[in-house]
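Just so we're on the same page: letters track the sequence lines, and every chain starts at 1. Values in this document were obtained by computation on a predicted structure and should not be read as measured data.
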Amino acid sequence: MRSALSRPSLKHVLRSCSGAQALVQIHALMLVTGSLYYPHSSGHLISAYARIGDVAAAHSVFRTASNPNISTWNALIIAHSRRGSLDQVLRLYRLLVSQGRPRPDSSTFTVTLKACAQLFDLRSGREVITHASDLGYSHDVFVCSSVLNMYAKCGKMDDAMRVFDEMPKKDIVSWTTMITGFVNAGNPVEAIEVYRKMQAEGVEGDGIVMVGLLQACAAFGDMGIGQSVHGYMLRHHIETDVVVETCLVDMYAKNGFLETAHIVFEKMTSKNVVSWSALISGYAQNGFASDALWMLIKMQEFGLCPDSVALVSAILACSHIGFLKLGKSIHGFIMKRFDFDHILGTAVIDMYSKCGSLLSARALFNRVCSRDLISWNTMIASYGIHGHGKEALSTFLEMSKTEFKPDHATFASLLSAFSHSGLVEEGRHWFNLMRQEYRIGPSDKHYVCMVDLLARAGHVEEAHELIQSMPDEPGVAVWVALLSGCHNHKKLELGQYAAGKVLELCPDDLGIYSLVSNVFAVAKNWDKVVEVRRRMKNMGTRKVPGYSLVEVEGKLHAFRMEDRSHPQYEKIMDLLKRLDFEMRKLGYKPKTEFVFHDLDEEVKERMLGNHSEKLAIAFGLLTTSPGTRILETARHRSTSSSRLQQILSGGRSIWPELKLEHEALNENAEKVHLSSSSASGTTILTVLQALSFLVASLQEKKISQILVVLFLKALQGIPGSQRLQIRKAYDSPQHLPSAHACFNRLDLPECTSEEQLRRRLLLAINEANEGFGIG
DNA sequence: CTAGGGTTAG
């Protein structure tokens with residue numbers, strides 16, 4: 001018996017012990033035979049107790065050890081480290097140090113440093129480092145790697161680099177630590193640089209190095225390097241596992257190479273929730289909402305249940321296409337199955353806001369207890385999107401009373417809220433405060449907001465001066481903001497200048513070109529108009545056709561331009577033709593009609609049908625009752641039109657098991673959502689809300705002439721800078737700044753006269769310069 | 001030393 005428990009095999013016996021009962025028996029035997037008092041025995045016993053999760057027993061073994069040696073100490077410290085009791089690790093380490101014996105060894109320092117890293121406790125970390133080097137461990141490769149890791153986790157890459165350079169011998173772990181350290185510090189270039197040095201020293205990378213390297217490539221955004229790393233891995237037969245392969249999928253997906261990501265994903269030998277999520281989030285983040293949702297379905301068919309990370313991507317997809325119904329279902333699902341962490345909460349708040357339900361967003365914001373800076377930013381942005389500048393500001397002030405300090409995104413949201421609400425003075429004020437008090441240097445985004453704010457309010461010269469004061473070369477968005485303001489306020493000279501700047505920068509967006517074209521058209525600069533139209537045509541043939549989606553009663557319907565496949569296509573075209581006819585009877589002439597010379601019936605039908613938003617809106621109007629709000633949401637892309645149709649209008653419930661939760665939530669404020677891949681913006685939101693409520697509040701026949709005017713105006717494909725004009729149309733006072741306000745305005749008694757409305761609307765339309773038939 | 005998630009414009 002005694003020989004069976006002699007030291008060489010004791011470790012193995014204890015290790016094979018999986019049950020508490022067996023362990024207690026061996027413990028007793030060790031006490032009786034006295035083998036517990038052999039040098040390493042109590043350490044092994046402590047480890048064994050720790051392995052079955054009995055830390056109390058581990059502690060009692062430790063207490064009974066008369067003179068615990070360092071391996072006994074280490075066993076207990078490691079036990080705490082394993083179960084995440086990091087404070088205990090530090091407590092024991094300090095106790096050990098204060099006693100002055102036994103002498104800590106390499107393992108002691110490694111484990112303690114790891115705890116410091118996990119606690120981001122730089123002070124204790126430095127304490128440990130000093131002690132370790134006093135005891136002569138400053139060249140120990142294990143200790144050094146832990147030091148590197150500790151510095152890296154605490155964001156001290158400078159210190160890590162210094163230690164790393166002084167290491168006489170570097171192993172694969174220390175190289176890896178430096179690479180992942182730089183990646184997590186947001187410095188992929190340095191990470192790649194370290195890898196190059198490692199190669200130069202003849203060290204062959206393994207899978208774990210590749211994980212860091214692939215993350216660096218993903219963050220760096222250069223797929224040339226990424227692909228060469230992938231190729232290297234294949235050529236050198238580097239062993240990959242599910243983690244490495246997931247990194248590959250993620251790298252391709254994050255950078256928009258979704259076909260490649262999908263191929264790599266398909267070839268994976270084993271897939272888990274993380275691998276699926278990498279692909280799903282790739283689709284969602286790149287605007288392929290239906291593909292993201294499709295993969296979510298596939299993942300469930302595969303037998304995996306989505307976790308909170310996968311759901312965040314699904315929520316993101318819902319906000320992109322305005323799929324409120326599914327978004328709400330997922331919200332219900334989360335409430336039942338998960339705790340709301342702050343990321344999940346923020347995603348759902350944002351979803352409600354983007355899907356038009358500001359009240360739900362705020363209600364959830366109030367309920368979610370774990371808020372962070374991004375949650376606050378999201379809430380401020382939500383008010384901004386809905387044109388509630390004052391509320392955005394009061395939310396900002398509310399946030400100022402908390403521990404969170406506003407960052408660049410906070411100010412971007414705040415400034416855009418002012419811009420959407422016409423709060424020019426506030427905009428100027430806070431833009432200055434941002435620079436002077438908060439010491440935040442304005443970025444391109446902030447300039448876009450400010451230029452938009454000023455130009456929208458007619459201060460185009462001031463906006464231009466602001467652009468000229470920019471430290472860096474302004475991006476397209478800045479010029480587009482100026483252009484849009486000039487267009488609205490008929491500032492033709494500056495407008496054409498801005499248009500020229502936009503053309504120089506070659507944006508990849510048809511909607512912007514239509515705005516450019518309109519500005520030249522108003523200025524009667526026909527050569528330019530022809531040139532821009534030509535460029536648009538070239539783009540149009542290269543690009544995948546856009547989609548518009550409309551959600552009716554929780555089901556999404558997809559339309560492509562000139563798409564005749566919809567069962568109700570005839571009815572839709574009838575409505576569009578009728579509207580077009582009524583519109584012209586009112587004296588409406590699109591100003592850029594010269595582009596389409598012969599308006600025979602067939603051409604007209606094409607013009608009406610080649611705008612996917614028109615088809616979607618007409619369908620929405622045909623299938624919903626008057627007074628239904630139609631909301632426009634963000635753009636949508638899809639890798640496959642058949643997939644889109646399958647998901648969106650196949651009559652198939654995307655998530656059957658969620659049905660009950662959805663009904664439990666039952667919030668029936670909105671019915672119809674429109675989303676579109678083309679660039680027309682908030683005009684549609686504004687006008688369609690107006691349209692739908694006009695029908696209700698005037699108790700009209702299905703469609704009146706005014707509605708026709710409004711409707712066609714809604715379909716002009718003008719970028720979303722028309723709010724001011726719409727506002728003018730309702731002759732609303734300055735304190736009604738937003739689309740939302742405009743929409744509310746329609747309920748006011750003075751607007752109940754159809755004649756009054758008609759005059760105002762015609763005025764607005766004559767002032768506007770529409771483009772026509774932009775797909 | 002190892003993978004996936006939320007905010008910022010028109």
Peer 1: Check whether the side chain of A/Thr176 and the base of B/dC1 form a donor-acceptor pair under 3.5 Å.
Peer 2: yes
Peer 1: Among residues two or more places apart or on two chains, list those pairs meeting salt bridge (Lys or Arg N to Asp or Glu O under 4.0 Å) that have a residue in residues 360-372 of chain A.
Peer 2: A/Arg362-A/Glu398
Peer 1: Quick one: is B/dA9 close enough that its OP1 or OP2 comes under 4.0 Å of any side-chain N or O from A/Ser416?
Peer 2: yes
Peer 1: The side chain of A/Leu316 lies closest to which of these nucleotides: B/dA9, B/dT7, B/dG10?
Peer 2: B/dT7
Peer 1: Over how many whole Å does the gap from A/Leu296 atom CG to B/dG4 atom C1' extend?
Peer 2: 13 Å
Peer 1: A/Asn272 has a side chain; which of B/dT8, B/dA3, B/dG4 sits nearest to it?
Peer 2: B/dA3
Peer 1: Rounding to a whole Å, what distance do you find between A/Leu454:CG and B/dA9:P?
Peer 2: 16 Å
Peer 1: Rounding to an integer number of Å, can you tell me how far A/Asp307 CG sits from B/dG5 C1'?
Peer 2: 9 Å
Peer 1: Find the distance A/Asp372:CG to B/dG5:P and express it as a whole number of Å.
Peer 2: 16 Å
Peer 1: Which residue is it: A/Thr346, A/Thr395, A/Thr410? I am looking for the one with a side chain to side chain contact (heavy atoms under 4.5 Å, CB included) to A/Trp376.
Peer 2: A/Thr395
Peer 1: Examine the side chains of A/His262 and A/Tyr252 and answer whether a donor and an acceptor come within less than 3.5 Å of each other.
Peer 2: no
Peer 1: Given the side-chain rings of A/Phe431 and A/Phe411, with only the six-membered ring counted for Trp, is the space between their centroids under 6.0 Å?
Peer 2: no
Peer 1: Do any side-chain nitrogens or oxygens of A/Ser281 fall under 4.0 Å of OP1 or OP2 in B/dG6?
Peer 2: no
Peer 1: Output the single nucleotide from B/dT2, B/dG5, B/dT7 whose closest atom is nearest the side chain of A/Asp241.
Peer 2: B/dT2
Peer 1: Does A/Pro188 reach the side chain of A/Phe182, with side-chain heavy atoms less than 4.5 Å apart?
Peer 2: no
Peer 1: Separation of A/Met210 atom CE from B/dA3 atom C1', in whole Å?
Peer 2: 15 Å
Peer 1: Give one of base, sugar-phosphate or nothing for A/Val273, where a contact means two heavy atoms less than 4.0 Å apart.
Peer 2: base
Peer 1: If only side-chain N and O atoms of A/Lys354 are considered, is one of them under 4.0 Å from the OP1 or OP2 phosphate oxygen of B/dT8?
Peer 2: yes
Peer 1: Out of B/dC1, B/dG6, B/dG4, which has the shortest distance to the side chain of A/Ala278?
Peer 2: B/dG4
Peer 1: Determine the contact category for A/Ser375: base if any of its heavy atoms lies under 4.0 Å from a base atom, sugar-phosphate if only primed atoms, P, OP1 or OP2 are that close, otherwise nothing.
Peer 2: base
Peer 1: Quick one: is B/dG10 close enough that its OP1 or OP2 comes under 4.0 Å of any side-chain N or O from A/Lys445?
Peer 2: no
Peer 1: Nearest to the side chain of A/Arg456, which nucleotide is it out of B/dG10, B/dT2, B/dA9?
Peer 2: B/dG10
Peer 1: Scan A/Gln285 against the nucleic acid and name what it touches under 4.0 Å (heavy atoms): base, sugar-phosphate only, or nothing.
Peer 2: sugar-phosphate
Peer 1: Ignoring hydrogens and angles, state whether a donor on the side chain of A/Asp350 or A/Ser353 is under 3.5 Å from an acceptor on the partner side chain.
Peer 2: no
Peer 1: Of the nucleotides B/dA9, B/dG10, B/dG6, which has the atom closest to the A/His342 side chain?
Peer 2: B/dG6
Peer 1: In this structure, how many angstroms lie between the P atom of B/dT8 and the OH atom of A/Tyr383, rounded?
Peer 2: 16 Å
Peer 1: Starting the side chain at C-beta, find the nucleotide from B/dG5, B/dG10, B/dT8 nearest to A/Asp341.
Peer 2: B/dG5
Peer 1: If the condition is ring-ring contact (aromatic ring centres under 6.0 Å, His included), which residues does A/Tyr232 pass it with, not counting sequence neighbours?
Peer 2: A/His236
Peer 1: Nearest to the side chain of A/Cys247 - B/dT8, B/dA3, B/dG4?
Peer 2: B/dA3
Peer 1: Within the structure shown, what part of the strands sits under 4.0 Å from A/Ser308 by heavy-atom distance: base, sugar-phosphate, or nothing?
Peer 2: base
Peer 1: At 4.0 Å (heavy atoms only), tell me whether A/Lys254 reaches a base, stays on the sugar-phosphate, or touches nothing.
Peer 2: sugar-phosphate
Peer 1: For the pair made of CG in A/Asp206 and C1' in B/dC1, what is the distance, rounded to whole Å?
Peer 2: 8 Å
Peer 1: To the nearest Å, give me how far apart CE (A/Met167) and P (B/dC1) are.
Peer 2: 13 Å
Peer 1: Across the strands shown, which category fits A/Thr378 at heavy-atom distances under 4.0 angstrom: base, sugar-phosphate, nothing?
Peer 2: sugar-phosphate
Peer 1: Checking contacts here: which listed nucleotide (B/dA9, B/dC1, B/dA3) is nearest the side-chain heavy atoms of A/Asp452?
Peer 2: B/dA9
Peer 1: Among B/dT2, B/dT7, B/dG4, which is the nearest nucleotide to the side chain of A/Val309?
Peer 2: B/dG4
